[in-house]
Amino acid sequence: MRIGIGYDIHKLVMNRDLIIGGVKIPFIFGLEAHSDGDVLVHAICDGILGALNKGDIGQHFPDDDPLFEGISSLKFLEEIDPILRMENMEINNIDTIIFAEKPKMSPYIDNMKLNIAKALNTEKDTISIKAKTYEQLGPIGEGKAVAAQAIVSLHVKEL
């Protein structure tokens with residue numbers, strides 16, 4: 001068994017879509033980033049890559065590469081999945097937290113799980129997504145940023 005941790009944070013800005021877990025969430029602000037800024041997916045990518053000892057998301061998908069400009073972060077998971085398979089590993093569990101003061105994430109969590117499971121060729125029940133506020137503390141609590149954390153558990157794929 002292998003375990004990895006991932007974390008990501010992005011600033012909220014005007015004139016961007018808010019994409020989290022591959023779901024477009026209606027909101028006045030979106031996340032500033034080279035890609036779509038999906039903090040949840042970025043944290044999961046780093047968790048998987050960490051568990052595999054394969055670096056981090058920036059090494060695989062550099063934020064100065066025009067190929068990744070505006071790209072759906074779910075594509076990153078789709079690219080990481082074959083790396084996972086080559087190592088003869090599969091998802092045991094992914095446990096995540098989205099940190100955002102607003103908007104409320106609960107109406108979108110089921111679709112986020114479906115998107116992530118599809119991108120990683122795994123079952124939806126291997127993915128846990130929770131959402132927490134920062135109780136109006138710091139940049140997240142002030143509504144200036146959104147962050148996510150992921151802990152990923154992998155196990156050797158049975159033949």
Side-chain angles (χ1 to χ4, degrees), residues 1-52 54-61 63 68 70-78 80-81 84 90-155:
M1 179 177 292
R2 301 245 185 118
I3 297 173
I5 188 166
Y7 178 84
D8 195 34
I9 186 169
H10 286 283
K11 180 179 172 180
L12 284 164
V13 296
M14 297 289 290
N15 301 318
R16 291 278 302 202
D17 290 333
L18 180 61
I19 309 290
I20 300 180
V23 176
K24 183 177 175 182
I25 299 171
F27 195 52
I28 191 167
F29 300 108
L31 296 170
E32 183 176 63
H34 185 67
S35 66
D36 63 5
D38 191 329
V39 292
L40 179 61
V41 171
H42 294 179
I44 292 169
C45 288
D46 270 348
I48 293 170
L49 291 167
L52 294 171
K54 297 288 185 187
D56 65 23
I57 192 171
Q59 290 173 289
H60 292 264
F61 312 103
D63 65 3
F68 305 122
I71 194 170
S72 167
S73 296
L74 291 172
K75 298 287 185 195
F76 298 159
L77 286 178
E78 291 171 2
I80 289 170
D81 185 57
L84 186 69
E90 64 184 357
I91 304 294
N92 181 54
N93 187 60
I94 297 174
D95 189 21
T96 67
I97 304 173
I98 304 164
F99 299 101
E101 204 65 24
K102 290 181 183 176
K104 293 290 183 195
M105 299 291 153
S106 56
Y108 310 102
I109 287 176
D110 198 54
N111 284 337
M112 292 176 191
K113 288 181 183 183
L114 289 170
N115 290 341
I116 293 163
K118 182 179 177 187
L120 288 171
N121 295 302
T122 191
E123 298 299 319
K124 180 181 146 192
D125 66 358
T126 64
I127 300 162
S128 168
I129 301 172
K130 302 173 290 294
K132 303 290 180 188
T133 69
Y134 256 47
E135 301 296 328
Q136 301 176 349
L137 299 171
I140 294 170
E142 293 168 1
K144 296 178 182 176
V146 174
Q149 183 173 19
I151 298 175
V152 175
S153 169
L154 307 177
H155 64 262

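Side chains included, hydrogens not; waters and symmetry mates left out as well; all remaining heavy atoms used. Starting from 1, each residue takes its place in the sequence as its number.
Formation of a donor-acceptor pair under 3.5 Å by the Asp46 side chain with backbone atoms of Leu49 is not found in this model. Using a distance-only test at 3.5 Å, with no hydrogens or angles considered, a donor-acceptor pair links the side chain of Asp38 to the main chain of Gly22.
For the atom pair Ile109 CD1 and Lys104 NZ, the distance stands at 11.0 Å (nearest 0.5 Å). A distance of 4.5 Å separates CD1 of Ile20 from CD1 of Ile25, quoted to the nearest 0.5 Å. One finds the NZ atom of Lys132 at 14.0 Å from the CD1 atom of Ile140 (value rounded to the nearest 0.5 Å). One finds the CG atom of Leu77 at 8.0 Å from the CD1 atom of Ile57 (value rounded to the nearest 0.5 Å). Taking CG of Leu120 as the start and CG of Leu74 as the end, the distance is 9.0 Å to the nearest 0.5 Å. Atoms NE2 and CD1, on His60 and Ile48 in that order, are 11.0 Å from each other to the nearest 0.5 Å.
Every side-chain hydrogen bond (donor to acceptor under 3.5 Å, both in side chains) that Asp36 has, sequence neighbours left out, goes to Ser73. Evaluation of the side-chain hydrogen bond (donor to acceptor under 3.5 Å, both in side chains) rule for Glu90 yields His155 as partners, not counting sequence neighbours. With sequence neighbours excluded, no residue forms a side-chain hydrogen bond (donor to acceptor under 3.5 Å, both in side chains) with Gln136. Partners of Asn111 according to the side-chain hydrogen bond (donor to acceptor under 3.5 Å, both in side chains) rule, which considers only residues two or more places apart in sequence or in another chain, do not exist here. In terms of the salt bridge (charged side-chain N to carboxylate O under 4.0 Å, His left out) criterion, residue partners of Asp110 (sequence neighbours excluded) are, by chain and number, Lys124. Listed by chain and number, the residues in a side chain to side chain contact (heavy atoms under 4.5 Å, CB included) with Lys130 are Asp95, Ile97, Ser128 (sequence neighbours excluded). Take Lys75 and apply the salt bridge (charged side-chain N to carboxylate O under 4.0 Å, His left out) test, not counting sequence neighbours, and it matches Glu78. Applying the side chain to side chain contact (heavy atoms under 4.5 Å, CB included) criterion to Lys118, with sequence neighbours excluded, gives no partner residue. With sequence neighbours left out, the side chain to side chain contact (heavy atoms under 4.5 Å, CB included) criterion links Thr126 to Ile91, Thr122, Glu123. Residues forming a side chain to side chain contact (heavy atoms under 4.5 Å, CB included) with Glu142 (at least two apart in sequence, or on another chain): Lys144.
Residues Phe76 and His42 meet the side-chain proximity criterion, which asks for heavy atoms closer than 4.5 Å. Side-chain atoms of Leu18 and Leu31, non-hydrogen and from C-beta on, do get closer than 4.5 Å to each other.
For the side-chain contact (heavy atoms from CB on, under 4.5 Å) test with Gln149, the passing option among Ile44, Ile5, Thr96, Ile98 is Ile5; the others fail.
Pairs of residues two or more places apart, or lying in two chains, that qualify as salt bridge (Lys or Arg N to Asp or Glu O under 4.0 Å) and include a residue from residues 9-31 are Asp17-Lys24. Judged as a ring-ring contact (aromatic ring centres under 6.0 Å, His included), the pairs with a partner in residues 107-147 (not counting sequence neighbours) are, in order, Phe99-Tyr134.
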Exercise for the section: For His10 and Val146, run side chain to side chain contact (heavy atoms under 4.5 Å, CB included): C-alpha distance rounded to whole Å, both residues' side-chain angles, the deciding distance at 0.1 Å, then the answer. Expected result: CA-CA 6 Å; His10 286 283; Val146 174; over 6 Å; no
Practice task
Give the C-alpha distance, both sets of side-chain angles, the deciding distance and a yes or no for side chain to side chain contact (heavy atoms under 4.5 Å, CB included) between Asn115 and Val23.
Solution key: CA-CA 8 Å; Asn115 290 341; Val23 176; 3.5 Å; yes
